Amino acid sequence: MHIREILALNLRRLRHEKALSQEELAHRAGIDRTYISAIERSLYAVSIDVLDKLSRALDVEAADLLKRPQQTGKEKKKSRGPDGS
């Protein structure tokens, strides 16, 4: 999974957990709603400044937006290459 996809998943999950619309998150972060939408669709890489704005608006650490999701045993097997690594 690419870092943009990880950010997209975490951003959407945290936004939903906080019961925020894209518009409300955008307002709190001081960025455009369409930019939030594009980030959640993995279209854009964001600057560290935008990452900071998003984390502050969500009241989480910036690192939380970049953490890889936990994989289940089944997903780990799928992600391994032919040599088992």
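Fair warning: this is a prediction, and the values are worked out from it, not measured in the lab. Note that these values count all heavy atoms, side chains included, but never hydrogens, waters or copies made by symmetry.
Within a 6.0 Å radius of NE2 in His16, more than 12 heavy atoms belonging to other residues, nucleotides or ligands are found. By the 6.0 Å contact criterion, CZ on Arg13 is enclosed, its count of non-hydrogen atoms from other residues, nucleotides or ligands being greater than 12. Taking a 6.0 Å sphere around CD of Glu5, one finds it holds more than 12 heavy atoms contributed by other residues, nucleotides or ligands.
The two atoms that bring Arg68 and Ile6 nearest to each other are NH1-CD1, 3.0 Å, heavy atoms only. Residue Arg41 comes nearest to Arg12 through the heavy atom pair N-NH2, 4.1 Å, listed as atom of the first residue, atom of the second, then distance. Minimum interatomic distance between Lys53 and Gly30 (heavy atoms only, all atoms of both residues): NZ-O, 4.4 Å. Heavy-atom minimum distance, Leu7 versus Val46: CD2-CG2, 3.6 Å. Shown here for Ser55 and Glu61, the closest heavy-atom pair between the two residues is CB-C, 3.9 Å. The shortest heavy-atom contact between Asn10 and Lys67 is ND2-O, 2.8 Å.
Looking only at side-chain heavy atoms (C-beta outward), Leu54 and Val60 stay at 4.5 Å or farther from each other.
Using modelled atom types and a 3.5 Å distance limit, the side chains of Thr34 and Asp32 yield a donor-acceptor pair.
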Working note: Val50 + Tyr35, criterion side-chain contact (heavy atoms from CB on, under 4.5 Å); need CA distance, chi angles, decisive distance, verdict. CA-CA 10 Å; Val50 170; Tyr35 193 46; 3.8 Å; yes
Leu58 and Asp64: CA distance, side-chain angles, deciding distance, side-chain contact (heavy atoms from CB on, under 4.5 Å) verdict: CA-CA 10 Å; Leu58 290 165; Asp64 294 334; over 6 Å; no
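Remark: the backbone N or O of Gln22 is not paired with any side-chain donor or acceptor of Arg33 at under 3.5 angstrom.
Rounded to the nearest 0.5 Å, atoms CD (Glu24) and CD1 (Ile36) are 11.0 Å apart. Put simply, CD1 on Ile39 and CD1 on Ile31 are 5.0 Å apart, with the number rounded to the nearest 0.5 Å.
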